[in-house]
Amino acid sequence: MTEWQKIRLGEIVKTNQSTYSPKENWKFVNYLDTGNIVMNKTDKIQYIDLAMEKLPSRARRKVKKNSILYSTVRPNQKHYGIVTEQPDNFLVSTGFTVIDVNHEMAIPEFVYYYLTKYEVTEQLQVIAEQSVSTYPSIKASDIENLELLLPDINTQRKIVSVLKSLNKKIELNNVINNNLAA
(Lines give C-alpha, C1' and ligand atoms only; values in the text may rest on other atoms or scores of the structure.)
Protein backbone atom coordinates (compact mmCIF):
# COMPACT_ATOMS: atom_id res chain seq x y z
CA MET A 1 0.00 0.00 0.00
CA THR A 2 1.24 3.43 -0.92
CA GLU A 3 1.48 6.22 1.59
CA TRP A 4 0.34 9.60 0.34
CA GLN A 5 1.85 12.60 2.05
CA LYS A 6 0.15 15.99 2.21
CA ILE A 7 2.70 18.64 1.27
CA ARG A 8 2.91 22.28 0.25
CA LEU A 9 3.94 22.49 -3.42
CA GLY A 10 6.73 24.93 -2.52
CA GLU A 11 8.45 22.07 -0.67
CA ILE A 12 9.11 20.21 -3.93
CA VAL A 13 9.41 22.99 -6.53
CA LYS A 14 11.37 26.17 -7.22
CA THR A 15 9.78 28.99 -9.21
CA ASN A 16 11.26 31.55 -11.60
CA GLN A 17 14.84 30.46 -10.95
CA SER A 18 16.62 31.80 -14.02
CA THR A 19 16.37 35.12 -15.86
CA TYR A 20 18.01 36.20 -19.10
CA SER A 21 20.29 39.22 -19.04
CA PRO A 22 21.19 41.17 -22.23
CA LYS A 23 24.80 40.92 -21.01
CA GLU A 24 24.63 37.28 -22.11
CA ASN A 25 24.64 38.70 -25.65
CA TRP A 26 22.60 36.02 -27.40
CA LYS A 27 22.35 36.46 -31.18
CA PHE A 28 18.78 35.18 -31.29
CA VAL A 29 15.97 34.09 -29.01
CA ASN A 30 13.15 31.58 -29.36
CA TYR A 31 10.31 33.19 -27.42
CA LEU A 32 7.00 31.86 -26.11
CA ASP A 33 4.35 34.31 -24.96
CA THR A 34 1.46 33.35 -22.68
CA GLY A 35 -1.12 33.60 -25.47
CA ASN A 36 0.72 31.05 -27.60
CA ILE A 37 0.13 28.01 -25.42
CA VAL A 38 -3.16 26.52 -24.23
CA MET A 39 -3.43 23.23 -22.35
CA ASN A 40 0.10 22.22 -23.40
CA LYS A 41 -0.56 22.90 -27.10
CA THR A 42 1.89 25.45 -28.47
CA ASP A 43 0.60 27.68 -31.24
CA LYS A 44 3.96 29.17 -32.18
CA ILE A 45 7.37 29.98 -30.81
CA GLN A 46 8.58 33.33 -32.09
CA TYR A 47 12.13 33.46 -33.50
CA ILE A 48 13.75 36.82 -32.78
CA ASP A 49 17.01 37.79 -34.49
CA LEU A 50 18.47 40.23 -31.97
CA ALA A 51 20.61 41.93 -34.63
CA MET A 52 17.40 42.94 -36.45
CA GLU A 53 14.70 43.05 -33.78
CA LYS A 54 14.32 44.23 -30.22
CA LEU A 55 13.57 41.63 -27.57
CA PRO A 56 10.13 42.12 -25.97
CA SER A 57 10.55 43.44 -22.42
CA ARG A 58 8.64 40.43 -21.04
CA ALA A 59 10.98 37.90 -22.75
CA ARG A 60 13.10 37.16 -19.68
CA ARG A 61 12.38 33.80 -18.08
CA LYS A 62 14.71 30.92 -18.88
CA VAL A 63 13.35 27.40 -18.86
CA LYS A 64 14.78 23.92 -19.05
CA LYS A 65 13.49 20.51 -20.01
CA ASN A 66 10.54 19.55 -17.77
CA SER A 67 9.91 23.12 -16.60
CA ILE A 68 6.20 23.71 -16.09
CA LEU A 69 4.84 26.98 -17.48
CA TYR A 70 1.75 28.44 -15.82
CA SER A 71 0.32 31.80 -16.83
CA THR A 72 -0.15 34.19 -13.92
CA VAL A 73 -3.07 35.92 -15.64
CA ARG A 74 -6.58 34.44 -15.67
CA PRO A 75 -5.76 30.79 -14.79
CA ASN A 76 -9.16 29.69 -16.17
CA GLN A 77 -7.89 30.44 -19.70
CA LYS A 78 -5.53 27.46 -19.29
CA HIS A 79 -2.33 29.01 -20.67
CA TYR A 80 -0.03 26.34 -19.31
CA GLY A 81 2.27 23.56 -20.47
CA ILE A 82 5.35 21.50 -19.74
CA VAL A 83 8.61 21.85 -21.68
CA THR A 84 9.37 18.49 -23.28
CA GLU A 85 11.49 19.83 -26.14
CA GLN A 86 13.49 22.98 -25.92
CA PRO A 87 14.86 25.07 -28.78
CA ASP A 88 18.17 26.91 -28.32
CA ASN A 89 18.06 30.24 -26.45
CA PHE A 90 14.53 29.60 -25.26
CA LEU A 91 12.84 32.33 -23.23
CA VAL A 92 9.27 32.66 -22.04
CA SER A 93 7.25 35.65 -20.93
CA THR A 94 7.42 36.98 -17.40
CA GLY A 95 3.65 36.41 -17.55
CA PHE A 96 4.45 32.77 -16.78
CA THR A 97 5.52 31.29 -13.50
CA VAL A 98 8.25 28.80 -14.41
CA ILE A 99 8.05 25.82 -12.07
CA ASP A 100 10.98 23.43 -11.71
CA VAL A 101 10.37 20.23 -9.77
CA ASN A 102 12.87 18.58 -7.43
CA HIS A 103 13.29 15.27 -9.31
CA GLU A 104 14.20 13.39 -6.15
CA MET A 105 10.82 14.17 -4.61
CA ALA A 106 8.41 14.26 -7.54
CA ILE A 107 8.00 13.65 -11.24
CA PRO A 108 7.44 16.88 -13.20
CA GLU A 109 4.56 15.39 -15.20
CA PHE A 110 2.82 14.37 -11.95
CA VAL A 111 3.03 17.96 -10.67
CA TYR A 112 1.90 19.24 -14.09
CA TYR A 113 -1.17 16.98 -14.06
CA TYR A 114 -1.96 18.14 -10.53
CA LEU A 115 -1.65 21.84 -11.45
CA THR A 116 -3.87 21.42 -14.50
CA LYS A 117 -6.71 19.62 -12.74
CA TYR A 118 -10.00 21.47 -13.09
CA GLU A 119 -10.32 21.97 -9.32
CA VAL A 120 -6.83 23.44 -9.00
CA THR A 121 -7.33 25.76 -11.98
CA GLU A 122 -10.60 26.95 -10.43
CA GLN A 123 -8.92 27.43 -7.03
CA LEU A 124 -6.22 29.57 -8.67
CA GLN A 125 -8.88 31.52 -10.58
CA VAL A 126 -10.63 32.38 -7.29
CA ILE A 127 -7.31 33.62 -5.89
CA ALA A 128 -6.72 35.61 -9.10
CA GLU A 129 -10.11 37.30 -8.89
CA GLN A 130 -9.22 38.55 -5.41
CA SER A 131 -5.99 40.17 -6.65
CA VAL A 132 -5.60 43.93 -6.49
CA SER A 133 -4.30 44.25 -10.05
CA THR A 134 -6.49 45.49 -12.91
CA TYR A 135 -7.06 41.93 -14.14
CA PRO A 136 -7.31 38.56 -12.37
CA SER A 137 -3.78 37.36 -11.63
CA ILE A 138 -1.82 35.08 -9.34
CA LYS A 139 1.70 35.14 -7.98
CA ALA A 140 4.30 32.38 -7.90
CA SER A 141 3.72 32.15 -4.13
CA ASP A 142 0.04 31.32 -4.77
CA ILE A 143 1.18 28.25 -6.70
CA GLU A 144 3.83 27.38 -4.11
CA ASN A 145 1.22 27.53 -1.34
CA LEU A 146 -1.04 24.92 -2.95
CA GLU A 147 -1.27 21.67 -1.02
CA LEU A 148 -1.35 18.26 -2.64
CA LEU A 149 -1.29 14.62 -1.69
CA LEU A 150 1.99 13.23 -2.97
CA PRO A 151 2.54 9.48 -3.33
CA ASP A 152 5.94 7.80 -3.60
CA ILE A 153 7.88 8.15 -6.88
CA ASN A 154 6.88 4.70 -8.22
CA THR A 155 3.20 5.44 -7.73
CA GLN A 156 3.69 8.83 -9.40
CA ARG A 157 5.28 7.06 -12.41
CA LYS A 158 2.32 4.68 -12.68
CA ILE A 159 -0.21 7.53 -12.48
CA VAL A 160 1.67 9.58 -15.09
CA SER A 161 1.86 6.54 -17.39
CA VAL A 162 -1.91 6.04 -17.23
CA LEU A 163 -2.65 9.75 -17.74
CA LYS A 164 -0.25 9.97 -20.71
CA SER A 165 -1.92 6.94 -22.30
CA LEU A 166 -5.35 8.50 -21.84
CA ASN A 167 -4.16 11.81 -23.31
CA LYS A 168 -2.70 10.04 -26.36
CA LYS A 169 -5.99 8.21 -26.85
CA ILE A 170 -7.93 11.49 -26.61
CA GLU A 171 -5.59 13.14 -29.14
CA LEU A 172 -5.98 10.21 -31.54
CA ASN A 173 -9.78 10.34 -31.18
CA ASN A 174 -9.70 14.09 -31.89
CA VAL A 175 -7.67 13.50 -35.06
CA ILE A 176 -10.10 10.78 -36.18
CA ASN A 177 -13.11 13.02 -35.43
CA ASN A 178 -11.56 15.95 -37.34
CA ASN A 179 -10.85 13.69 -40.33
CA LEU A 180 -14.41 12.38 -40.29
CA ALA A 181 -15.78 15.93 -40.06
CA ALA A 182 -13.69 16.98 -43.05
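In this text the structure is predicted, and so the values were computed from the model without any measurement.
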Between [Y] and [X], is there a side-chain heavy-atom distance shorter than 4.5 Å?
{"X": "Leu91", "Y": "Asn30", "value": "no"}
{"X": "Thr121", "Y": "Tyr80", "value": "yes"}
{"X": "Leu124", "Y": "Ile127", "value": "yes"}
{"X": "Ile48", "Y": "Pro56", "value": "yes"}
{"X": "Leu32", "Y": "Thr42", "value": "yes"}
{"X": "Asn174", "Y": "Glu171", "value": "no"}
{"X": "Ile37", "Y": "Asp43", "value": "no"}
{"X": "Tyr31", "Y": "Asn36", "value": "no"}

Taken to the nearest 0.5 Å, the spacing of Ser18 OG from Arg60 CZ works out to 12.5 Å
CG (Leu50) and CH2 (Trp26) are apart, to the nearest 0.5 Å, by 9.5 Å
Listed partners of Ser71 passing side chain to side chain donor-acceptor pair (under 3.5 Å), at least two apart
none
Kindly give the heavy-atom pair with the smallest separation between [X] and [Y], and that separation in Å.
{"X": "Ala106", "Y": "Val111", "value": "CB-CG2, 4.0 Å"}
{"X": "Pro75", "Y": "Ala128", "value": "CD-CB, 3.7 Å"}
{"X": "Leu146", "Y": "Tyr114", "value": "CB-OH, 3.9 Å"}
{"X": "Leu149", "Y": "Trp4", "value": "O-CE3, 3.6 Å"}

Charged N-O contact under 4.0 Å between [X] and [Y]:
{"X": "Glu147", "Y": "Lys6", "result": "yes"}
{"X": "Arg157", "Y": "Glu109", "result": "no"}
{"X": "Glu24", "Y": "Lys62", "result": "yes"}

Between Tyr47 and Asn89, a side-chain donor and acceptor under 3.5 Å:
no
Ignoring hydrogens and geometry beyond distance, is a side-chain donor-acceptor pair present between Gln125 and Glu129 at under 3.5 Å?
yes
Criterion side chain to side chain donor-acceptor pair (under 3.5 Å) on Asn167 and Tyr113, from CA distance to verdict:
CA-CA 11 Å; Asn167 282 340; Tyr113 284 125; 3.0 Å; yes
List, one per line, each side-chain donor-acceptor pair under 3.5 Å for residues 93-103, sequence neighbours excluded.
residue, atom, partner, partner atom, Å
Ser93, OG, Arg58, NE, 3.3
Ser93, OG, Gly95, N, 2.8
Asp100, OD1, Ser67, OG, 2.5
Asp100, OD2, Gln17, NE2, 3.4
Asn102, OD1, Glu104, N, 2.9

Name of the residue among Thr19, Asn16, Thr15 meeting side chain to side chain donor-acceptor pair (under 3.5 Å) with Arg61
Asn16
